[in-house]
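Worksheet: the structure to be examined is printed underneath.
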Amino acid sequence: MATAAKKSHTVLIVDDEHSIRFLCRVNLELDGYRVLEAAEVAEARRLLASEHVDVVLLDLNVGRERTDELLEELRRRTPPMPVALVTGSTDVLAPERPEADAVLAKPFDVEELAETVRRLTALTTAER
């Protein structure tokens with residue numbers, strides 16, 4: 001059963017692949033998270049401006065757009081927004097990548113997804 005703390009956390013999934021967003025949304029909602037989805041960078045920015053978001057799962061490439069600029073915007077926030085890069089690209093698989101708090105390499109399993117989001121939401125709880 002989901003805890004009250006989890007219910008207060010919102011995760012934004014930014015990925016142009018419907019199947020990835022669906023997989024993440026269903027599993028995170030089962031864990032008690034509120035989940036928002038964006039298939040485009042502009043849509044992600046609109047949601048970030050209008051909704052409280054605790055953690056972002058960000059595909060490195062959304063359509064033809066690279067998300068480096070959005071990632072930088074999230075990291076410049078005070079406090080920085082916890083971000084996990086979700087990517088099939090091998091050039092960002094180093095977990096020590098300084099711009100992101102975590103990397104989920106596609107394909108990932110739901111336990112890895114759940115553990116990553118738990119760890120990142122703990123960061124937002126500690127900063128409150």
Side-chain angles (χ1 to χ4, degrees):
M1 177 172 269
T3 65
K6 280 186 183 178
K7 288 188 183 292
S8 67
H9 287 106
T10 300
V11 179
L12 172 60
I13 304 162
V14 184
D15 198 305
D16 58 331
E17 292 182 51
H18 178 267
S19 60
I20 296 294
R21 292 192 321 271
F22 180 78
L23 171 78
C24 293
R25 179 176 48 83
V26 167
N27 285 284
L28 292 173
E29 285 177 347
L30 287 171
D31 264 353
Y33 295 98
R34 177 175 175 251
V35 179
L36 304 172
E37 297 179 47
E40 300 174 347
V41 172
E43 185 179 3
R45 284 191 174 107
R46 281 192 300 275
L47 287 168
L48 287 162
S50 65
E51 300 280 345
H52 174 80
V53 174
D54 296 293
V55 172
V56 177
L57 301 180
L58 181 64
D59 190 7
L60 186 62
N61 296 295
V62 176
R64 292 184 178 187
E65 293 181 90
R66 285 198 44 97
T67 56
D68 295 339
E69 189 176 300
L70 178 59
L71 177 59
E72 288 175 19
E73 292 169 22
L74 296 170
R75 303 308 292 159
R76 282 194 305 260
R77 290 181 173 214
T78 305
M81 174 84 58
V83 178
L85 290 178
V86 181
T87 182
S89 177
T90 58
D91 64 341
V92 296
L93 294 182
E96 65 276 358
R97 183 175 168 110
E99 297 89 357
D101 298 291
V103 175
L104 283 169
K106 294 177 187 176
F108 53 85
D109 65 44
V110 294
E111 284 304 316
E112 183 181 10
L113 170 69
E115 177 54 36
T116 299
V117 172
R118 271 192 297 272
R119 187 168 50 81
L120 296 182
T121 55
L123 292 176
T124 63
T125 303
E127 292 168 350
R128 286 184 181 164

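In this chain, residues are counted from 1 in sequence order. Being a predicted model, the structure only gives us computed values, none of them experimental.
Contact detail for Asp31 and Ala114: the closest heavy-atom pair is OD2-CB, 3.5 Å. The two residues Met81 and Val56 make their nearest non-hydrogen contact at CG-CG2, 3.8 Å. Closest of all the heavy-atom pairs between Ala44 and Leu70 is CB-CD2, 4.0 Å. In terms of heavy atoms, Pro82 sits closest to Asp101 at CA-OD2, 3.1 Å.
Sorted by first then second residue, the salt bridge (charged side-chain N to carboxylate O under 4.0 Å, His left out) pairs that include residues 77-89, not counting sequence neighbours, number zero.
Atom CG of Leu47 is separated from atom CG of Leu36 by 5.5 Å, given to the nearest 0.5 angstrom. In this structure, Leu85 CG and Thr116 OG1 are separated by 11.5 Å, a value rounded to the nearest 0.5 Å. Here CG of Leu57 is found 10.5 Å from CD1 of Ile20. Values are rounded to the nearest 0.5 Å. In this structure, the separation between CG on Leu74 and CD on Glu72 is 10.0 Å, given to the nearest 0.5 Å. Once rounded to the nearest 0.5 Å, the distance linking CD1 of Ile13 with CG of Leu113 reads 7.5 Å.
With sequence neighbours excluded, the residues that form a side chain to side chain donor-acceptor pair (under 3.5 Å) with Glu17 are Lys106. Residues forming a side chain to side chain donor-acceptor pair (under 3.5 Å) with Glu115 (at least two apart in sequence, or on another chain): Arg118. Listed by chain and residue number, Arg21, Glu43 satisfy the side chain to side chain contact (heavy atoms under 4.5 Å, CB included) test with Ala39 (two or more places apart in sequence, or in another chain). Residues satisfying the salt bridge (charged side-chain N to carboxylate O under 4.0 Å, His left out) test with Arg25, not counting sequence neighbours, are Glu29, Glu37. In this view, Asn61 and Arg66 satisfy the side chain to side chain contact (heavy atoms under 4.5 Å, CB included) rule, not counting sequence neighbours. Among residues two or more places apart in sequence or in another chain, the side chain to side chain contact (heavy atoms under 4.5 Å, CB included) test is passed with Leu23 by Asn27, Phe108, Val110. Applying the side chain to side chain donor-acceptor pair (under 3.5 Å) rule to Glu51 yields the partners Arg34; only residues at least two apart in sequence or on another chain are considered. Evaluation of the side chain to side chain donor-acceptor pair (under 3.5 Å) rule for Arg45 yields Glu69, Glu73 as partners, not counting sequence neighbours.
No option in Asp59, Leu60, Thr87 other than Asp59 meets the side-chain contact (heavy atoms from CB on, under 4.5 Å) test with Asp15.
Inter-residue side-chain proximity for Glu112 and Leu104 is flagged as met; some heavy-atom pair is nearer than 4.5 Å.
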